[in-house]
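Report on the structure given below.
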Protein chains: 2
Amino acid sequence: MSVLPVLQTRIGYSFTRPELLQQALTHRSFSGTNNERLEFLGDSVLNFIIAHQLFNLFPDLPEGDLSRLRAKLVKEASLAEISTSLHLGDALKLGEGELKSAGWRRPSILADALEAIVGAVYLDGGFGAAEKVVALLYRETLTSIDPKVIDKDAKSQLQEYLQSKKMDLPEYQVVTIEGEAHAQTFTVQCLIKKLKLSTTGVGTSRRVAEQQAAQLAMEKIQS
Amino acid sequence: MSVLPVLQTRIGYSFTRPELLQQALTHRSFSGTNNERLEFLGDSVLNFIIAHQLFNLFPDLPEGDLSRLRAKLVKEASLAEISTSLHLGDALKLGEGELKSAGWRRPSILADALEAIVGAVYLDGGFGAAEKVVALLYRETLTSIDPKVIDKDAKSQLQEYLQSKKMDLPEYQVVTIEGEAHAQTFTVQCLIKKLKLSTTGVGTSRRVAEQQAAQLAMEKIQS
């Protein structure tokens, strides 16, 4: 139990009902009274808080970019990273099987527990408390976001990957432009000849469509 | 503009800044100042409010069932249905192209506008206001949920479909049971001989795994 006070200090919140925190740290392999329902609640609280923060931080960013940013911030790997910085693994309650297989290091278990903690804070202290905890956990991440870089990701990643394999750069080609002037839809093809790979992206700008095509190409390559 | 007061009465909320409601009703085909960012925000507010309501309404329901229930309540078809009951189509601002193709009836446009309205209410009146509006919009749906029926859906649907085609019922077979006693994972196969179709579901109970397998079978049949 002695890890709980330390963890509460780290997340910047002191529980009125510490049993909620205890439950948030309990994996289903340990007990029937576990963190799964809290994770369900916490996931939606977290998604909403991050969406709201991004909405306020970037008043000019279109919806697609906001969605991509949020997805990046709440994906399993990002959550697991925060969990690791909180040493959450030390506080988890796991069943024997999970202990043997080092479950305290598994990203999915760490991410779920973090979401459950956000859910537990919300139940214990209300929405304001949850907001403060999330703001603290994401302080560095949120202040370091450069919205101009958001869309570079997929294309840059693809380019770097192809260069590392000594392959030619992908070719992007606009296939169609549809719709009225202020509401156009671009369809772009990304072609990687060497891999005989072609993907198609759609978006409200050529840039967005290219990114989507690049993203799909990366996914095909990695699958 | 005269539809706005009626709409505000229907959603049970009167805007301090009616321009936010106006923006929530503006499709991107009509103007650069449209409802896309509000939709991003509203989607996450709505998801959270519904998650919280379900969490409170069904204290014994496991996470998987809560997730399925929420997905059902916030899916495009459900949102579009609520929009239709609000006569939202009459209040939408659409570009010429969308007007010609009867965009005011398209489920995706209707669903997006409803999410945007929830986002606009949240910005205008805060979280409590958004909660009240969502509670009103979902009043009938939320009170008519029978959690015992949640999981029946996919299996019942599949059975009804096969019966309507005079086919034999699907065979469900447990393939593996893994994990410790209180945290088992069941893998179940659903076999429809006549269609040479086999799908596999995974879940924390045999029942849940069967439902997933049935769901996948339905999706394959319908695709």
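Being a predicted model, the structure only gives us computed values, none of them experimental. Computed over heavy atoms, backbone and side chain alike; hydrogens, waters and symmetry mates excluded. So that the names make sense, note that chain A is the first sequence line, chain B the second, and so on, each numbered from 1.
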**OP:** Look at the side chain of Arg37(B) and the backbone N and O of Pro62(A), then say whether any donor-acceptor pair between them is shorter than 3.5 Å.
**Re:** no

request  = State, with a plain yes or no, whether a side-chain heavy atom of Leu66(A) is found less than 4.5 Å away from one of Glu36(B).
outcome  = no

Assert top hit (heavy-atom pairs under 4.5 Å, partner chain A, pool Gly64(B), Gly179(B), Gly95(B), Ser67(B)) equals Ser67(B)

Problem - Flag side-chain contact, heavy atom, 4.5 Å: Glu63(B) against Leu38(A) - result: no

To the nearest 0.5 Å, atom NE2 of His52(A) lies from atom CZ of Phe40(B) at 10.5 Å

Okay, Asp43(A) and chain B: the region with an atom under 4.5 Å from a heavy atom over there is side chain

Scanning both residues in full, the closest heavy-atom pair of Asn47(B) with Ser44(A) reads O-CB, 4.2 Å

pair Arg28(B)-Thr204(A): side-chain heavy atoms closer than 4.5 Å: yes

Heaviest contributor of heavy-atom pairs below 4.5 Å to chain A, chosen from Phe127(B), Phe30(B), Phe55(B), is Phe55(B)

Honestly, the part of Thr185(A) sitting under 4.5 Å from a heavy atom of chain B is side chain

By residue number, those in residues 117-124 of chain A with heavy atoms under 4.5 Å from heavy atoms of chain B are Tyr122(A), Leu123(A)

Requested in this report: Using a cut-off of 6.0 Å, state whether more than 12 heavy atoms not belonging to Glu219(A) lie near its atom CD.
Outcome: yes

Applying a strict 4.5 Å limit to non-hydrogen atoms, the region of Glu96(B) in contact with chain A is both

Residues of residues 73-90 of chain A with a heavy atom under 4.5 Å from any heavy atom of chain B, in residue-number order, are none

Honestly, the part of Asp60(A) sitting under 4.5 Å from a heavy atom of chain B is backbone

